[in-house]
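Remarks on the structure that follows.
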Amino acid sequence: MAAETLVDPPPSSLSGVARVLVNAGKLTAKAAEDLTKSARERKASFVATLVGAGSVKPDELAHTLSTALALPVMDLNSVDVQKLPRNIVDQKIASQYQLVVLGKRGNRLFIGAADPTDQEAAERIKFATQLMPEWVIVEYDKLVKQLDAQGASANDQLESLAGGDFDFDVTDEEAATPESAEVTTDVEDAPVVRFLQKMLIDAINMRASDLHFEPYEYTYRVRFRVDGELREITQPPVAIKDKLASRIKVISRMDIAEKRVPQDGRMKLKFGSKAIDFRVSTLPTLFGEKVVIRILDPSSAKLGIEALGYERIEKDRLMQAIGRPYGMILVTGPTGSGKTVSLYTCLNILNQPGVNIATVEDPAEINLPGINQVNVNDRAGLTFAAALKSFLRQDPDIIMVGEIRDLETADIAIKAAQTGHMVMSTLHTNDAPTTLTRLLNMGVAPFNIASSVLLITAQRLARKLCDNCKKPADYPRESMLKAGFKPEDLDGNWRPYRAVGCSMCNNGYKGRVGIYQVMPITEAIQRIILSEGTALDIAKQAQTEGVRDLRQSGLVKVRGGVTTLEEVITVTNE
């Protein structure tokens, strides 16, 4: 009889769940009709209204439906919700019909729901996924809790993370790109756009150099690099990772359909009255595309050499070298040590109307008016060496090479330095003396190095103490001597400072300062190079000529109260 009632519903037009409960004796027909009418008025589901009114308990409802419809019941509390599939059914559908995807086998999709009689939901899922839904009954209260935990309201979370209005737009140049004309609605999803804007604005306000958007299996993490240290900022919903990556790729003029290989791009965005450049890199990882955005600040090249942290004697040596008519100046250090800013600062000093300056970089990070900048394009055959050969036919006075990576580039750069051009470049070495042995190991002849290289600068970036909260520190004399101070350095009234931390800084530090080893190539060092001496021989000679190594330069900053002893030991640990 109950089966006939389910097939041929009574005139009262009760929902499937209501009919099951009336037939099972859990509700009267009058109560079921009243609940149906209330649900319709509130524009809520019958199950939500039923449980909310307390007419039937969630567990009792689940077991009644299971018995009547011969469907399995699952306890969501016994399931590791983090391991449930997330991308098969759109989150909006899951939220609208109050269901959760439990698993997939072949062409069958197992759906957990409190109302397995919802034919509209079944047809919608079947159409969207091209899979056959198989119902599993779950308790309504646990289902609601699961939907909230799974980020059913991801957009609401983003809105709360990115609350506020921003005057931050894509520049007209970027907005006019063909790719942006074909943006899908997902990429233009307002909460995602606002969240990206919020992250970029926060990064600029925090003086961050890089933003990292990192997808993992169950989490999505955003980190900023501030003063050289990565800091976790927020964990937005995992569901936005693809939309956010697509949004960034569109405004960076990348291929949004290509997710299998790394891509590089640039974007320029208006921030108030000024435009800021960003360099963007994507990398396919196990759980999605990681995106790193480098903030390129043109003002950093115009700070002036004093603001970079050169001591007076180091500044004088550098200015004397860049004032020479020809020769080679090399800047060395690891990635992120400020080499590019140092070179740009020198170029800015030399950038005069009567001077022809050409640079080749991979890629050009900061646009400098009056300087001819070229990006390396290996696919098109525009390598460092090819660009250098072309420069020599362009009547240059000063040439800047982003990095010397191979013998061919080194040979052309040295020949340019020997034929009346000032050449500046970078290498990845630990200090100034080892740079010379690195060139020798590349295959550059000793006489070419000795006759062309004028000066080598090795550098690191150390965090500066916050002037608002730094406090004097009491270090044992033995520790300071072990760190590199001489006994006579410890005499006097000066005291080192330690980081404290306040509302104006980051754990006691604010900004960064350069630590430099500036080594001119003197006749004595040239003789060591020609006799194929070691880096140790060169370092020893440089010390006798008054060239401080990186540790000694860092200790000068400690004496000046600019940074801490711990920071200098960390960045000059060799």
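Below, each value reflects all heavy atoms present in this structure, side chains not excepted, and no hydrogens, waters or symmetry copies.
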Counting distance only, does the side-chain N/O of N372 pair as donor-acceptor with the main-chain N or O of I357 below 3.5 Å? yes
What verdict does the side-chain contact (heavy atoms from CB on, under 4.5 Å) test give for L200 and L211, after you've listed the backbone C-alpha separation in whole Å, the side-chain angles of each residue and the deciding distance to 0.1 Å? CA-CA 8 Å; L200 292 172; L211 297 83; 3.9 Å; yes
Compare all side-chain heavy atoms of M519 with those of I538 and state whether any distance is below 4.5 angstrom. yes
What distance do L347 atom CG and I399 atom CD1 have between them, rounded to the nearest 0.5 Å? 11.5 Å
Tell me, do R223 and F213 make a side-chain contact under 4.5 Å, heavy atoms counted? no
So, does N377 use its side chain to make a donor-acceptor pair with the main chain of L382 at under 3.5 Å? no
With rounding to the nearest 0.5 angstrom, report the CG to CG distance, D210 to L230. 7.5 Å
Specify whether Y516 and Y310 have parallel, tilted or perpendicular ring planes, treating 30° as the upper limit for parallel and 60° as the lower limit for perpendicular. parallel
Output yes when a side-chain donor or acceptor of D264 lies under 3.5 Å from a complementary backbone atom of S281, and no otherwise. no
Do the side chain of W494 and the main chain of D489 share a donor and acceptor less than 3.5 angstrom apart? yes
Dump the intermediate steps for side-chain contact (heavy atoms from CB on, under 4.5 Å) on I515 and V571, then the final yes or no. CA-CA 9 Å; I515 295 174; V571 300; 4.0 Å; yes
Is there a side-chain contact between I322 and L350, using heavy atoms and a 4.5 Å cut-off? yes
Quick one: closest heavy-atom pair of C469 and V500, and the distance? O-CG2, 3.1 Å
Of all heavy-atom pairs between N430 and R460, which one has the smallest distance, and what is that distance? O-NH2, 2.8 Å
So, do M422 and Y326 sit near enough that their side-chain heavy atoms are less than 4.5 Å apart? no
Would R551 and T572 satisfy side chain to side chain donor-acceptor pair (under 3.5 Å), going step by step from the backbone distance to the final call? CA-CA 6 Å; R551 174 61 62 85; T572 63; 2.7 Å; yes
Are the side chains of E408 and L388 in touch, meaning some heavy atoms are under 4.5 Å apart? no
Is the CD atom of E232 crowded by more than 12 outside heavy atoms at less than 6.0 Å? yes
Between atom CG of L343 and atom OG of S425, what is the distance when rounded to the nearest 0.5 Å? 7.5 Å
For the side chain of Q526 and the backbone of A450, is there at least one donor-acceptor N/O pair under 3.5 Å apart? yes
Suppose the criterion is side-chain hydrogen bond (donor to acceptor under 3.5 Å, both in side chains): which pairs have a residue in residues 435-458, not counting sequence neighbours? Q418-N448, Q418-S451, T429-T435
Taking NZ, NE, NH1 and NH2 as the nitrogens, is one of them in R221 or E214 under 4.0 Å from a carboxylate oxygen of the other? yes
Going by atom types only, do S209 and R225 share a side-chain donor-acceptor pair under 3.5 Å? no
Got H428 and T332 here, is their nearest side-chain heavy-atom distance under 4.5 Å? no
Would you call K557 and E311 a salt bridge, taking side-chain N to carboxylate O under 4.0 Å as the test? yes
Hydrogens and angles aside, do E545 and T522 bring a side-chain donor and acceptor to less than 3.5 Å of each other? yes
CD-OG1 distance between E403 and T426, expressed to the nearest 0.5 angstrom: 5.0 Å
With no hydrogens and no angle check, do the side chains of E314 and S553 hold a donor and an acceptor under 3.5 Å apart? yes
Before accepting this row, confirm whether a basic side-chain N of the pair K510/D227 lies closer than 4.0 Å to the acidic partner's carboxylate O. no
When you compare the side chains of D431 and T434, does any donor N or O come within less than 3.5 Å of an acceptor on the partner? yes
Would you give the length of the straight line joining atom NZ of K540 to atom CD1 of I528, rounded to the nearest 0.5 angstrom? 9.5 Å
Determine yes or no for a side-chain-to-main-chain donor-acceptor pair under 3.5 angstrom, with H421 supplying the side chain and A416 the backbone. yes
Would you call R405-D362 a salt bridge at under 4.0 Å N-O? yes
Donor-acceptor pair, Q263 side chain versus T282 backbone, under 3.5 Å? no
So, for Y509 and T563, which heavy atoms are closest and what is the spacing to 0.1 Å? CE2-OG1, 4.4 Å
Does L455 form a side-chain contact (heavy atoms from CB on, under 4.5 Å) with L318? I'd like the steps, not just the answer. CA-CA 8 Å; L455 177 134; L318 182 60; 3.9 Å; yes
Salt-bridge contact K415-D411 (side-chain N to carboxylate O under 4.0 Å): no
If you compare all heavy atoms of I295 against all heavy atoms of A203, which two are closest, and at what distance to 0.1 Å? CD1-CB, 3.8 Å
Stepwise, does the side-chain contact (heavy atoms from CB on, under 4.5 Å) test hold for M319 with K315? CA-CA 6 Å; M319 295 301 293; K315 174 192 164 188; 4.1 Å; yes
Quick one: do the E566 and Y475 side chains pair a donor with an acceptor below 3.5 Å? yes
Under 4.0 Å between a side-chain nitrogen and a carboxylate oxygen: does that hold for K249 and E289? yes
Any side-chain heavy atom of R253 within less than 4.5 Å of one from R266? no
Can you see which heavy atom on L461 is nearest to which on G336, and at what distance? CD1-O, 3.6 Å
Are more than 12 heavy atoms, taken from residues, nucleotides or ligands other than E488, located less than 6.0 Å from that residue's CD atom? yes
Just by distance, with hydrogens left out, do Q543 and Q552 show a side-chain donor and acceptor under 3.5 Å apart? yes
Salt-bridge present (R495, D474; N to O < 4.0 Å): yes
Examine distances only and state if a side-chain atom of T234 and a backbone atom of V222 form a donor-acceptor pair shorter than 3.5 Å. no
Closest heavy-atom pair and its distance - T345, V341: OG1-O, 2.7 Å
Between CD1 on residue I398 and CZ on residue F391, distance to nearest 0.5 Å: 13.0 Å
With side chains defined as the heavy atoms from C-beta onward, is the minimum distance between Y344 and N348 less than 4.5 Å? no
Between T219 and P215 (side chain of the first, backbone of the second, donor and acceptor by atom type, cut-off under 3.5 Å), is there such a pair? no
Residue pair Q459, S342: steps toward the side chain to side chain donor-acceptor pair (under 3.5 Å) verdict: CA-CA 9 Å; Q459 65 182 70; S342 292; 2.9 Å; yes
Looking at E229 and R463, does any basic side-chain N land under 4.0 Å from a carboxylate oxygen? yes
Does Y497 have K470 sitting over its ring (NZ/CZ under 6.0 Å from centre, angle to axis within 45°)? yes
Between the main-chain N or O of T534 and the side-chain N or O of D537, is there a donor-acceptor pair closer than 3.5 Å? yes
